[in-house]
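Presented below is the structure to which this report refers.
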There are 2 protein chains.
Amino acid sequence: MSGRVRPGLTREAVLAAAVELADRDGLAALSMRSLARHLGVEAMSLYHHVANKEALLDGMVDAVFAEIHAPTAAGDWRVEMAARHHSARAALTGHRWAVGLMDSRSSPGPATLRHHDAVIGCLRAGGFSIAMSAHAFAVLDSHLYGFLVQEVSLPFDEGDDMGAVAEDILGDVPMDGLPHLTEMAVEHVMQPGYAFADEFDWGLELILDGLERRRTTDG
Amino acid sequence: MSGRVRPGLTREAVLAAAVELADRDGLAALSMRSLARHLGVEAMSLYHHVANKEALLDGMVDAVFAEIHAPTAAGDWRVEMAARHHSARAALTGHRWAVGLMDSRSSPGPATLRHHDAVIGCLRAGGFSIAMSAHAFAVLDSHLYGFLVQEVSLPFDEGDDMGAVAEDILGDVPMDGLPHLTEMAVEHVMQPGYAFADEFDWGLELILDGLERRRTTDG
DNA sequence: TGCGTGGACTTACGGCGTAAGGCTAGCCTA
DNA sequence: TAGGCTAGCCTTACGCCGTAAGTCCACGCA
């Protein structure tokens, strides 16, 4: 491991290049061939560093997890969980492809496991029982992933005008017979100042409040 | 439309066959060629009924949405939202491939739109303001999708013993330095009686409680 | 000096989505 | 009833994909 001879590729270099390529051109454009081209190498050479494409994707997801702030057991659980939520959102909107990869991946990498361990550790330190920590973990992660699944599939970037986007999506849709959707779009979502992103914090606060309330009960 | 001549294919038949095939063999096994084979037809014939594979997938997702119970404005909002949550979980665990398709799909089909309209309508009828309905909608959907993303990627079926599954996942992982994860696995998740599925209702109740509490405020 | 080995390359296979175009059965018009 | 139109299928072909199998070479060590 220490006396590496020919510089060549490493697993880390391959993963980093794959993440870079997926960020730039989208996951669909990431093939073993395109990745190899990006690295100035032939496709089959990659198989010396990753077992196959699945393993490559596993590694990429784990690399993203490594970017997420791991909660500290020393900190206030509520503050730490909120920080984790925001950090995860930052990481996953920076690597949009990762959200779609999180399902379909059933073998978590080391960074993923360390992260989850830290989350549970913080909750335990915050006074949650084991059972309560499991509840909290599940509901927080569900909200996190679910929000990101929705946000990432919204076809626009942070700064965009929500009204224009809504018109884009709904423009060629017949809105007859969809009174409530129409009302919400016209009178709320398409109004200046509305940002779907704000729903992230609203939902997070609701959940944290609920957890606070249940923290020391046993259900 | 009425005087159809050669029986042949229809868009509906194509979509139904695609759903059936994906249910049976998984989404990865669904190609235009395999679908055509399943229908006793050549691959290119499908393009008379579906624009391309993306459109096929869009249609499949919409077909799944059509299976989900649409809330009634007449019913109690809390009961209706819970019913929708459970119905959606049933539909999406019956068509596991659909969960992974929900992101990446940015053009909702008619059934999807009708469903969302019904959700908002029920909330409005339950006394939620427009802004509050948007909040409720976002947090409920986030929880729903996020939970399902996690549940679907768990490699086991409903009846399975959670302990065995956890061992499967974590068996070949070094648990050194992951004390909290280990504790939770050993003392809680792997105990008989624990079911991740139960976290669905726990989280749902937490969210519904929070919404109830905020229903008539204006934040 | 010679050899083993690790890390690259080459070739090849079967499958993919789909562009382009061909064939024919049945209907509509004259 | 004859003729042509068209919808709905099929055929062919292209350039991708992931990867199994095998080759080749430079280096570090004996």
Listed partners of B/E183 passing side-chain hydrogen bond (donor to acceptor under 3.5 Å, both in side chains), at least two apart = A/R124
Name the closest nucleotide to the B/S45 side chain, picking from D/dT19, C/dA8, D/dC10.
-> D/dC10
For the side chain of A/K53, starting at C-beta, report the closest nucleotide among D/dG18, C/dT10, C/dA8.
-> D/dG18
Tell me: CG of A/L56 to P of D/dC17, nearest whole Å?
-> 14 Å
When you check the phosphate oxygens OP1 and OP2 of D/dA7, does a side-chain N or O of B/H49 lie under 4.0 Å from one of them?
-> no
Is any side-chain N or O of B/H48 closer than 4.0 Å to OP1 or OP2 of D/dC10?
-> no
Under 3.5 Å, is there a donor-acceptor pair between the side chain of A/S34 and the main chain of A/A29?
-> yes
Atom CG of B/L30 and atom P of C/dC16: how far apart are they, to the nearest Å?
-> 10 Å
May I have the distance from A/Y47 (atom OH) to D/dA21 (atom C1'), rounded to whole angstrom?
-> 13 Å
Rounded off to whole Å, could you give me the CG-to-C1' distance for the B/L35 and C/dG17 pair?
-> 13 Å
Residues forming a salt bridge (Lys or Arg N to Asp or Glu O under 4.0 Å) with A/E54, sequence neighbours excluded | A/R105
Quickly work out the A/M32 CE to C/dT10 P distance and round it to whole Å.
-> 17 Å
Polar atom pairs (N or O), protein with nucleotides 12-16 of chain D, under 3.5 Å:
none

Residues A/Y145 and A/Q150: side-chain donor-acceptor under 3.5 angstrom | no
For A/D141, enumerate each residue passing the salt bridge (Lys or Arg N to Asp or Glu O under 4.0 Å) test, keeping only those at least two apart in sequence or located in another chain.
-> A/R84
How many Å lie between CG on B/L57 and C1' on C/dG17, as a whole number?
-> 12 Å
Spacing of A/N52 atom CG relative to D/dC17 atom P, expressed in whole Å = 17 Å
Kindly write out the residues that satisfy ring pair (Phe, Tyr, Trp, His ring centres under 6.0 Å) with B/H38, not counting sequence neighbours, or none if the list is empty.
-> none
Atom-to-atom span, CD of B/E42 to C1' of C/dA20 - whole angstrom = 16 Å
Could I get the full list of ring pair (Phe, Tyr, Trp, His ring centres under 6.0 Å) partners for B/H115, not counting sequence neighbours?
-> B/F65
